[in-house]
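All values reported here derive from a predicted model rather than from experimental measurement. Note that ligands are numbered from 1 as they come in the structure, with each ligand's atoms numbered from 1 the same way.
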Amino acid sequence: MGRVILTGDRPTGRLHLGHYVGSLRNRVLLQNEGNYDRMFVFIADVQALTDNADNPEKVRQNIIEVALDYLSCGLDPEKVTIFIQSRVPQLHEMTQFFSNLVTVQRLQRNPTVKAEMALRGFNADNEEDNRRGLPVGFFTYPISQAADICAFKSTTVPAGEDQEPMLEQCREIVRSFNGTYGPVLVEPEILLPSNRVCRRLPGTDGQAKMSKSLGNCIYLSDDPKEVERKVKGMFTDPGHLRVEDPGKVEGNCVFTYLDAFCEEGDFAAFWPEYANLDELKDHYRRGGLGDMKCKKFLIKVLEARLGPIRERRHAYEQDIPAVYEILRKGSEAAAEVAAQTLYEMKEAMKINYFEDTSLIAEQAAKYRQ
Ligand code: TRP
């Protein structure tokens, strides 16, 4: 069995540095290594609608933003099939069959679903709870996510660690399907970034996660002035009041971001007084190193990563119809693969009535006078 790589993002906003270090950067590396049979990256618009039913316009506007972010990071449509989830209708048929193999109780234990239920309340007798209750589509989206993965017999899903419970649930569905009907589907594995800090990049305010709703994101498409402003306002060590004071690097965003973004050569290019990040951290811990100096270095490092991405984005922005064409072609190619898997599923479930010549012959013999 070959290696099939697949991953996706919800089109609810432009992609940010958390997406970049958590998965995007990895995808481009994987693409360029070429060690796979096929690679898919998709825009999960159906999943985005599970908690944005009242705002399809937001989803509609963000398809192109996510596509531009993909292309600007270096995903190459010649090597990777880039598609839109809703343009692969087979996924929804699969979701329906999978939903018969998953219990309500199991979904309630999925950490993402569980957290959302706690947030919205789910006392069915309480009118207010009901009004802001959890949409069924959101409740079952782990099942639909399993279909996204299984439709392509994906083996490898590059994602941040927040997706691990979804992968676990997907593997259970695969085992259940294969055990019930026959060995059609493949159990996927998550591929986490090897660098720990990249698995969940904190927001610029030091909160656990970069998230649009918290307003603590640096976007891939931010201009240099915005990046500079956001880094200058970044959370550091609140105990580091004067330059002479010893400082903490743990939980200090500037150092976390340097851990995530620094590459060989950055010190030589931008701050030759230090040989590497360890030396810089030592100095900061000892005291005598100001936050602003470190922030200025981080701004240069980020600019070195984001500059080429921004440039590529600008080029693609000049030909939006061509980007939609990439998505259309990718969606058609993805639907072909998904149709093949769906066919095999129906065959295993023995609901491929018209192709099942033995079924027709048996029943014909039974009823023939
Ligand atoms: N749940 C993912 C997110 O919120 C998006 C997603 C949908 C996904 N289907 C997927 C990721 C399949 C990996 C594989 O970012």
Can you list everything that forms a side chain to side chain contact (heavy atoms under 4.5 Å, CB included) with Leu327? Sequence neighbours excluded, please. Ile43, Ile63, Ala67, Ile82, Ile84, Tyr324
Is Asp266 salt-bridged to Arg305, going by a charged N under 4.0 Å from an acidic O? yes
Step through it carefully: locate the ring centre of Phe152, locate the ring centre of Phe83, and say whether they are under 6.0 Å apart. yes
Side-chain touch Thr155/Tyr36, heavy atoms, less than 4.5 angstrom: no
For Arg313, is there an ion pair with Glu65 - N to carboxylate O distance below 4.0 angstrom? yes
Give every pair made of an N or O atom of ligand 1 and a protein N or O atom lying under 3.5 Å apart, one pair per line with both atom names and the distance to 0.1 Å, or write 'none'.
residue: ligand 1; atom: 1 (N); partner: Gln47; partner atom: OE1; Å: 2.8
residue: ligand 1; atom: 1 (N); partner: Gln145; partner atom: OE1; Å: 3.0
residue: ligand 1; atom: 1 (N); partner: Gln163; partner atom: OE1; Å: 3.1
residue: ligand 1; atom: 4 (O); partner: Arg10; partner atom: NE; Å: 3.4
residue: ligand 1; atom: 9 (N); partner: Asp148; partner atom: OD2; Å: 2.8

When you compare the side chains of Tyr141 and Asp51, does any donor N or O come within less than 3.5 Å of an acceptor on the partner? no
